[in-house]
Amino acid sequence: MPKITLPDGSSRQYDAPTTAAQVAADIGPGLAKAALGAKVDGQLCDLSTKLDRDCALALITPKSRDGQVDADALSMLRHSCAHIMAEAIQTLFPGTMLVYGPSLESGFYYDMAFPSGRIPSTDDFAAIESEMAKIIGENRPFTRSDLSLDDGLAKLNKEGSKFKIDNAQRAKEAGSSTLSWYATGTSGVNWEDLCRGPHVPSTGRIGAFKITSLASSYWKGDETLDRLTRVYGTAFATKPELEAHLKQLDEAKKRDHRMLGKQLRLFHIDEMVGQGLVLWTPRGAAIRQELQTFISEALRIQGYQQVFTPHIGKLDLYKTSGHFPFYRESQYPPIIDQDQMSKLAEEGCTCGELANRLDKGEIEGYLLKPMNCPHHIRIYASEPHSYRDLPVRLCEFGTVYRWEQSGEIGGLTRVRGFTQDDAHLFVREDQIAEELQGCLSLVKLIFGTLGMNDYRVRVGLRDPKSDKYVGDSANWDKAEEACRNAARSLGVPFSEEAGEAAFYGPKIDFIVRDVIGRSWQLGTVQVDYNLPIRFDLSYIGADNKEHRPVMIHRAPFGSMERFVGVLIEHFAGAFPLWLAPEQVRVLPISEKSEEYAQEVLAAIRKIGLRATIDSGNERVQARIRDASEAKIPYLAVVGPRDAQQRVVSVRAFGTDANLGELPFDQFIAGLSAEYRTRGGESLKASFHA
RNA sequence: GCCACCGUAGCUCAGUGGUAGAGCACACCCUUGGUAAGGGUGAGGUCGAGGGUUCAAUCCCCUUCGGUGGCUCCA
């Protein structure tokens, strides 16, 4: 006699076992029609799920009562759509083996293997979509059937798909006592797929869908296993929602830093120079320079000392640090001097031998530096230190080079040469907590000043199952605890993730998303007991004995390249005054005002702003439009009237009309204040007074 | 590195087995115009590179370089 409790607290008593669908129908025909699934005691399941005992039931509809899209409904819809796509592809591509087809935050995919070698291409999307439309048009029910583990496995073994057998094995290991199949239609008649569900009631419930892209993947994400084809798609309850989604993607594309970087001439990546090697053009360089100045001011306040170090170092240095052995696959190969090179050539040394002898240290070589820490460590080690001197905080905008995989490189976010706003703090153990606070405050300062609130914090810990970490576990425990405590003090939610530590220590990472939804690590703070040991660093303590310092590695921006890339997207290319590559543009109405315009320009430049004049042979309207497309914060329009009254007409980016006129001196003072305070004060405020 | 797709003027993109077009940008001329495109004229491309098929290749095939979306990796 199940008693069904609904989300509003009311309950319904049934004399016999019933289903979620039946309850929905009893509540009302509207709900019955809208319901896609159900949550029974918090567990998402089919509408057809049998309810034979007391439970809490929530019916899942595409939109909740407040009109919000229901994430569970969308997820069910998409997973069901993945099945429909799989059926369509198996129909069109006989022999296709299915692997795994989950829903995603913005769609779904299905991993498949094509033993025949005939793999669908983007040209096949239309055919697949029309096959899917057919299945949806037939509005066939999703029908679940359960088999015992043994029977189920026997069925799968007969079918012979190692992928599905593996899925079943994993279900078994996860404690499942049965295996379930979902048919689109009638079990045993229509197409079916091993799946734990749940699904929407019928294929017709997919309101709108689209196959979006094709990619390859590895079985279980392991590159040594089968290579699979992954077909991506998305689905919504209604067409307008799909269209809105596609439009949103389109809008996001316009913020893409690669697009804006080209349009606004912020940087250039040249195939003649090399993949992933960024050329900072004047406009982008201005942004980067402003960021560096900004953080440098904060660093001086915190007692950092600036250093400069070369771009290469001896191989031995990086063997000692561990970088060369740990990351040899992702480094530019060592540089060997001419004499050694010719000697090796005479000996007939092969590439294989060369690599071997480099490893063994028989050949001297230099490495393009993959990290700044070894150089900073050698600066620390170059003189004795007293406990009174600590912490020693050495900072440098240090450029490093890494041989990233070619397929991973793109824009500014993943490159082969980049500059870290790096620093290494050599501290006593009792100073760790306080110094970590200082590091985190820098990251907060940056995010706060730039208005970037959409980030997450990850504490990267070692993976207990891996042996890639150096040092003893007691120190690791201390370092991890220090990171955890520091992260807690941030007052922001954070996740602890095993396996995300660096090989020498745990870290706190700040992660943001780009317009396409990809996550990127920006700022990072790392606690390291191990490099000081590897380099035998010391300081003299109050007891007149040698002690081991602890290192903190930190880069609040992370990589200047990546940070600027993300920043371009954050501001959609419309930078605030202090960061804008071109801060003010002066527009003389005509040649008659040229002289006054030049005077205005000179005054703006004199207070240190980046300004230009556009005396082009165009009407003001056209020049305003050009400036607007270049996203220049302020325009100073000057004509004979302004010259006579010694005022400027001000126009700001993002406002439709001109703000009005300001006396020359007030304009200059307002600009200067907004610039110096990095937006704390605004020239625009002058117009509200 | 792997899979798929893409590469035509500075940029965005049409196009075709018979060696190419548009818009914007650029140059020059006219226009001296008060807040998101004034008008005209012109210049600009060995169709990413190399090889092959063909009487003929920008177009078809192979290789290579570069880009995009994923996968894997990321100190």
Side-chain angles (χ1 to χ4, degrees), chain A residues 109 111 114 119-125 212-225 227-232 253 256 258-259 262-263 265 269-276 318 321-324 326-327 329-331 369-374 400 402-411 413-415 420 422 460 468 500-505 507 509 516 518 520-521 524 526 528 531 553 555 559 562 587-594 615 617-629 635-642 649-651 653 655-661:
Chain A
Y109 68 78
D111 276 345
F114 293 88
I119 294 168
S121 80
T122 46
D123 295 337
D124 298 310
F125 284 5
T212 50
S213 66
L214 209 55
S216 89
S217 63
Y218 301 109
W219 190 27
K220 302 184 196 178
D222 184 337
E223 62 181 322
T224 63
L225 299 179
R227 240 186 308 286
L228 307 171
T229 299
R230 177 171 295 183
V231 188
Y232 282 88
K253 249 187 229 162
D256 190 313
R258 292 164 298 193
M259 211 73 83
K262 208 177 271 182
Q263 264 169 38
R265 294 154 54 221
I269 295 169
D270 193 292
E271 48 175 293
M272 264 185 116
V273 175
Q275 234 190 336
Y318 300 102
S321 71
H323 291 109
F324 182 66
F326 275 89
Y327 295 104
E329 298 308 314
S330 48
Q331 279 162 8
K369 74 175 169 188
M371 274 298 255
N372 299 305
C373 22
V400 298
R402 299 178 185 173
W403 187 262
E404 303 287 0
Q405 297 185 77
S406 62
E408 224 2 291
I409 292 173
T413 39
R414 193 76 183 267
V415 293
Q420 296 175 310
D422 211 354
K468 76 166 192 175
E500 293 295 334
F503 72 86
Y504 48 74
K507 52 182 187 156
D509 290 328
I516 312 181
R518 293 182 291 203
W520 300 101
Q521 175 194 312
T524 182
Q526 311 170 354
D528 174 14
L531 290 185
H553 308 235
S559 134
R562 177 177 291 177
L587 300 184
I589 295 286
S590 74
E591 281 167 18
K592 291 173 193 146
S593 316
E594 180 71 15
S615 312
N617 191 14
E618 291 288 343
R619 292 168 62 202
V620 207
Q621 286 89 323
R623 285 178 285 149
I624 284 173
R625 182 173 189 273
D626 290 346
S628 180
E629 291 198 330
L635 301 185
V637 182
V638 294
R641 284 204 314 260
D642 306 275
S649 297
V650 183
R651 194 180 164 109
F653 178 80
T655 53
D656 289 338
N658 67 325
L659 292 170
E661 291 163 7

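Below, read A as the first sequence line, B as the second, and so on, with proteins coming before strands; counting in each chain starts at 1.
- Partners of Ile516(A) by side chain to side chain contact (heavy atoms under 4.5 Å, CB included), not counting sequence neighbours, listed by chain and number: Asp256(A), Arg258(A), Asp514(A), Arg518(A).
- By the side chain to side chain contact (heavy atoms under 4.5 Å, CB included) test, Ser559(A) is found to be paired with Phe418(A), Glu561(A), Arg562(A), residues two or more places apart in sequence or in another chain being considered.
- Applying the side-chain hydrogen bond (donor to acceptor under 3.5 Å, both in side chains) rule to His323(A) yields the partners Ser321(A); only residues at least two apart in sequence or on another chain are considered.
- Closest approach to the Tyr232(A) side chain among rG70(B), rG38(B), rG67(B) is made by rG70(B) (side chain taken as heavy atoms from C-beta onward).
- Every ring-ring contact (aromatic ring centres under 6.0 Å, His included) that Tyr327(A) has, sequence neighbours left out, goes to Phe503(A).
- Among the atoms of the strands shown, only primed sugar atoms or phosphate atoms (P, OP1, OP2) are found under 4.0 Å from some heavy atom of Arg518(A).
- With the 3.5 Å cutoff on both pairing distances, Watson-Crick and G-U pairs in RNA chain B assemble into runs of at least 3 at B:1-7 with B:65-71, B:10-13 with B:21-24, B:26-30 with B:38-42, B:48-52 with B:60-64.
- Applying the side chain to side chain contact (heavy atoms under 4.5 Å, CB included) test to Phe125(A) and every residue at least two apart in sequence or in another chain returns Thr122(A), Ile211(A), Leu214(A).
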Output a table of nitrogen or oxygen pairs between the protein and nucleotides 39-42 of chain B separated by less than 3.5 Å.
none

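- In the set rU35(B), rA75(B), rG1(B), rA75(B) carries the atom at the smallest distance from any side-chain atom of Lys507(A).
- Remark: Arg414(A) is not in phosphate contact with rC74(B), judged by side-chain N or O atoms under 4.0 Å from OP1 or OP2.
- For the residue pair Gln331(A) / Tyr318(A), no side-chain donor-acceptor distance below 3.5 Å is found, with atom types taken as modelled.
- Checking rG70(B), rG1(B), rU35(B) against every side-chain atom of Arg230(A), the shortest atom distance belongs to rG70(B).
- Evaluation of the side chain to side chain contact (heavy atoms under 4.5 Å, CB included) rule for Gln263(A) yields Met259(A), Leu260(A) as partners, not counting sequence neighbours.
- Comparing rG69(B), rG66(B), rG33(B) by their closest approach to the side chain of Arg258(A) singles out rG69(B).
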Protein-nucleic acid N or O pairs under 3.5 Å, nucleotides 43-45 of chain B:
none

N/O to N/O distances under 3.5 Å, protein versus nucleotides 3-5 of chain B:
residue: rC3(B); atom: O2; partner: Ser216(A); partner atom: N; Å: 3.4

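- Proximity of Lys262(A) to the phosphate of rU12(B): a side-chain N or O atom is located under 4.0 Å from OP1 or OP2.
- The Tyr218(A) side chain lies nearest to rC2(B) when the options are rG38(B), rC2(B), rA36(B).
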Heteroatom pairs (N/O) under 3.5 angstrom, protein to nucleotides 7-9 of chain B:
none

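- With sequence neighbours excluded, the residues forming a side-chain hydrogen bond (donor to acceptor under 3.5 Å, both in side chains) with Glu594(A) are Gln598(A), Ser615(A), listed by chain and number.
- Distance check on atom C1': rC13(B) versus rC61(B) gives 27 Å, rounded to whole Å.
- Here Lys592(A) reaches the OP1 or OP2 of rG33(B): one of its side-chain N or O atoms lies under 4.0 Å away.
- Taking atom C1' on both nucleotides, rU32(B) is separated from rA25(B) by 23 Å, rounded to a whole Å.
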